[in-house]
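Each ligand, and each atom within it, is numbered from 1 in the order the structure gives.
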Amino acid sequence: MSIDSQSLGVLILAAGKGTRMHSEKPKVLQSLLEEPVVYYPLKAAHDAGLRNIAVLVGHMGEMVESYIREEWSGVEVIWQLEQLGTGHALMVARDWWSRFDDVMVLYGDVPLVRSETLSGLVERHFAEGPQCTFLSTVVDNPSGYGRVVRLADGGVRIVEDKDALEDELEINEINAGVYMFSCRALSVAISQVGRKNAVGEYYLPDAIHMIGETEGDVNVIICDDDRELIGVNTPLDLAETSRELNRRMIQRHMMNGLKCMDPGSTWIGPRVEFDEDVFLEPGVQIWGSSRLSNGSRVGAYSTLRDVKLGEHSVVIGPSVISDSDIGDRAVIGPFAVLRGGVVLKDDARVGRFVELKNSVVAERAKIPHLSYVGDAGIGADTNIGAGTVTCNYDGRRKYRTNIGTGCFVGSDTMLVAPVSMGDNSSTAAGSIITKDVPDGAMAISRSRQTNIDNWYERKNISRVSGEDGDKEG
Ligand code: UD1
Ligand code: CA
């Protein structure tokens, strides 16, 4: 889009209390598909090619500010110390927006707005040249929203739900809270906004009426998709918008080749990326900045968070994987848990009831059953027997276990870290390994077996005589 980015600012209002959410977290940081609500308007503005973005913070503003600073470099933060309404918000930020010719204002709690809608709004505003353009939409249930009152002289006025008269409450056209203003006109109008209304707040929509009365034209763009402009005010809104966003995103991915067996039970975060040909079974959740490559498959009821899954790798469900980088043709699960920085190289296998933490498993290595491997490196072609545990924690500190290539670790081996096994070494089943094992060696560390001859006969005799009193089996 060809917008002179120097002349246009975008202000996102995110300072409000969000009382209706009943939460200790500010509303704009409530989780929507595991991203804060305010992520979405920021992303839409960014994707629309808009720069010069600022977020207005206030209520629990430190939390919002640190999110913005960490995740959105280049986005400015403006403080509204007292939250006296959306009109007051624009008064407080005046120094910032008055350096531009035009300003777009978005509410931080309108997460479904599309980038195409924002760029369309900018284009119409510049093409038609009014002092204000804003979005409205027609909804079945307008309660809670500001109603767009069409005046006899062709102008518009927005009446808030709490101030509306009975016949105004019947109006189904609502203010979406997405505006473009000429800064010059806004500057005059905002100074005149008062707070004589049901809640004693300065309403930004009042400025629109004033612009229409005194400064010039106001355009309303009626948006067809009413779901796009849902404001998130309550936990119910949060659930509805989650579902809608998820539906929309899965649809987009499926149009690009994603195979999703049951889209209704699949949940995907907005930063997840897919190659063309990925298959998801029912009940799968994929979050964070995960990336799934061609030919990979995720089994039913698995959760992946910040996972890179290589080509033709298969996760058999249910499995839970986070912070992991998985190579090509790996097989994982069912009932596997990978977390805290696991690297699984090509053709590695992690099987049933295996937990892996902060470990590197090299090419073709196998951990097929019932093991805990933490803070370890496992060499290529090594086989870890069932029930093996890396004892990595002494109650105070964590230590590493290093296992070379081509090793055979017998079932039920306890590797007491720090410890290492050289290449092509092995351990006998049931061993407790406390000393390093040299290359090519076999370590046995368990008590020697004793066989007691004629055990059953002896037992039988003693039971008949009743002398030892042992009743246990
Ligand atoms: C607002 C509009 C309403 C519209 C609806 C669309 C006003 C007065 N009303 O109502 O016409 O239909 O949005 O969703 O604008 N905020 C601040 N500082 C404040 C107050 C609010 O930054 O002092 C922020 C909030 O964090 C929120 C946004 O502004 O992100 C909107 O505030 P909210 O209280 O949710 O307004 P609504 O009642 O939903
Ligand atoms: Ca709202």
Side-chain angles (χ1 to χ4, degrees), residues 11-21 23 25-30 32 36-42 54-61 63-65 67-68 77-93 96-97 105-113 132 134-139 141-149 156-164 168-169 171-179 181 190 193-209 220 222-223 226-238 240-241:
L11 183 64
I12 300 179
L13 306 192
K17 290 197 189 65
T19 324
R20 290 165 279 179
M21 200 56 81
S23 173
K25 245 204 267 177
K27 176 167 73 174
V28 292
L29 293 189
Q30 295 291 326
L32 199 56
V37 169
V38 73
Y39 163 90
Y40 297 91
L42 276 162
V55 176
L56 191 87
V57 306
H59 181 67
M60 293 192 258
M63 286 167 84
V64 185
E65 178 169 22
Y67 166 70
I68 302 288
V77 171
I78 301 170
W79 276 84
Q80 182 193 22
L81 295 174
E82 242 187 321
Q83 291 82 51
L84 301 179
T86 51
H88 181 252
L90 269 284
M91 295 172 190
V92 167
W96 182 79
W97 54 260
V105 180
L106 300 174
Y107 293 161
D109 65 349
V110 183
L112 293 176
V113 68
C132 169
F134 73 96
L135 298 184
S136 77
T137 187
V138 177
V139 295
N141 176 13
S143 88
Y145 290 98
R147 312 295 205 280
V148 179
V149 181
V156 290
R157 195 163 57 85
I158 294 165
V159 179
E160 292 305 311
D161 193 71
K162 288 186 179 124
D163 303 292
E168 290 169 334
L169 286 172
I171 298 171
N172 283 47
E173 185 183 2
I174 60 139
N175 167 30
V178 180
Y179 320 83
F181 292 101
I190 202 74
V193 169
R195 55 196 291 195
K196 281 196 197 132
N197 50 53
V199 290
E201 287 187 358
Y202 297 94
Y203 292 158
L204 173 59
D206 285 357
I208 295 175
H209 182 53
V220 189
I222 304 175
C223 202
D226 60 344
R227 284 174 301 188
E228 196 178 330
L229 300 160
I230 301 172
V232 176
N233 298 305
T234 65
L236 203 68
D237 295 334
L238 209 50
E240 270 175 32
T241 40

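Nearest to atom 25 (C) of ligand 1 among the protein's heavy atoms is Gly16 N, 3.6 Å. Counting protein heavy atoms only, atom 30 (O) of ligand 1 is closest to Leu13 O, 2.9 Å. Of all protein heavy atoms, the one lying nearest to atom 39 (O) of ligand 1 is Asn233 OD1, 3.8 Å. Distance from atom 1 (C) of ligand 1 to its nearest protein heavy atom, with residue and atom name: Tyr107 CE1, 3.5 Å. Protein heavy atom at the shortest distance from atom 36 (O) of ligand 1 is Arg20 NH2, 4.7 Å. For atom 32 (O) of ligand 1, the nearest non-hydrogen atom of the protein is Thr86 CG2, 4.0 Å. The protein atom (non-hydrogen) at minimum distance from atom 22 (O) of ligand 1 is Ala15 N, 2.9 Å. The shortest contact between atom 6 (C) of ligand 1 and any protein heavy atom is with Asn175 O, 3.4 Å.
Of all the heavy atoms in Gly87 and Ile190, the pair that sits closest is O-CD1, 3.6 Å. When all heavy atoms of Glu201 and Gly85 are compared, the closest pair comes out as OE1-CA, 3.6 Å. The two residues Asp109 and Val37 make their nearest non-hydrogen contact at CA-CG1, 3.9 Å. For Gln80 against Leu56, the heavy-atom pair with the smallest separation is OE1-CD2, 3.4 Å. Looking at every heavy atom in both residues, Leu11 comes nearest to Ile78 through CD1-CD1, 4.1 Å.
Looking at Thr137 and Glu228, their side chains never bring a donor and an acceptor atom within 3.5 Å of each other.
Side-chain contact between Met21 and Val232 is present, with at least one heavy-atom pair separated by less than 4.5 Å. Side-chain contact between Phe134 and Val178: absent, with no pair of heavy atoms (C-beta onward) separated by less than 4.5 Å. Side-chain contact check for Trp79 versus Val92: every heavy-atom pair is 4.5 Å or farther apart. Looking at Pro111 and Tyr39, their side chains never come closer than 4.5 Å, going by heavy atoms from C-beta outward. Put simply, the side chain of Ile12 does not reach to within 4.5 Å of the side chain of Tyr107, judged on heavy atoms. Side-chain contact between Asn197 and Glu160: absent, with no pair of heavy atoms (C-beta onward) separated by less than 4.5 Å. Looking at heavy atoms from C-beta onward, Tyr179 lies in side-chain contact with Leu204 at the 4.5 angstrom threshold.
With hydrogens and angles ignored, the 3.5 Å screen pairs no side-chain donor or acceptor of Asn175 with any backbone N or O of Arg147. Using a distance-only test at 3.5 Å, with no hydrogens or angles considered, no donor-acceptor pair links the side chain of Asp237 to the main chain of Thr241. Remark: side-chain polar atoms of Tyr202 are not paired, donor with acceptor, to backbone N or O of Leu90 under 3.5 angstrom. The main-chain N or O of Glu173 is never found under 3.5 Å from a side-chain atom of Ser136 such that the two would form a donor-acceptor pair. The backbone N or O of Ala198 sits less than 3.5 Å from a side-chain atom of Asp163, completing a donor-acceptor pair.
Distances below 4.0 Å separate heavy atoms of Gly108 from the following atoms of ligand 1: 30 (O). Heavy-atom proximity to Gly85, at under 4.0 Å, picks out these atoms of ligand 1: 19 (C), 20 (C), 23 (O). Those atoms of ligand 1 with a heavy atom of Ala176 less than 4.0 angstrom away are 6 (C). Every atom of ligand 1 is numbered from 1 in the order shown, and the set under 4.0 Å from a heavy atom of Lys27 is 35 (O). For ligand 1 and Gln80, the ligand atoms under 4.0 Å from any heavy atom of the residue are 17 (C), 18 (N), 19 (C), 22 (O), 23 (O).
Remark: ligand 1 and Asp109 share an N or O pair separated by less than 3.5 Å (distance only, no angle test). The shortest N or O to N or O distance between Ala89 and ligand 1 is not below 3.5 Å. Geometrically, ligand 1 and Tyr203 share no nitrogen or oxygen pair separated by less than 3.5 Å. At least one N or O atom of Gly146 sits closer than 3.5 Å to an N or O atom of ligand 1. At under 3.5 Å, not a single nitrogen or oxygen of Tyr145, backbone or side chain, sits near a nitrogen or oxygen of ligand 1. Considering backbone and side-chain atoms alike, Pro205 places every N or O at 3.5 Å or more from each N or O of ligand 1. The distance criterion of under 3.5 Å between nitrogen or oxygen atoms is not met by Val110 with respect to ligand 1. For the pair Ile158 and ligand 1, the shortest N or O to N or O distance does not fall below 3.5 Å.
Neither the backbone nor the side chain of His88 comes within 4.0 Å of ligand 1, counting heavy atoms alone. Residue Leu229 does not touch ligand 1, judged by heavy-atom distances below 4.0 Å. When heavy-atom distances to ligand 1 are checked against a 4.0 Å cut-off, Glu201 has no atom that comes that close, whether in backbone or side chain. Counting heavy atoms closer than 4.0 Å to ligand 1, residue Glu82 contributes nothing at all.
For the pair Glu160 and ligand 1, a heavy-atom separation below 4.0 Å is found. Judged by the shortest distance from any of its heavy atoms, Lys17 lies outside the 4.0 Å radius around the atoms of ligand 1. Not a single heavy atom of Ile174 sits less than 4.0 Å from an atom of ligand 1. In this structure, Gly58 has no heavy atom closer than 4.0 Å to ligand 1.
Near the Ca ion (ligand 2), less than 3.0 Å away, sit the protein N, O or S atoms Asp109 OD2, Asn233 OD1.
In this structure, CG in Asp226 is found 8.0 Å from CD1 in Ile174, a value given to the nearest 0.5 Å.
Heavy atoms from other residues, nucleotides or ligands lying under 6.0 Å from NZ of Lys25 number more than 12.
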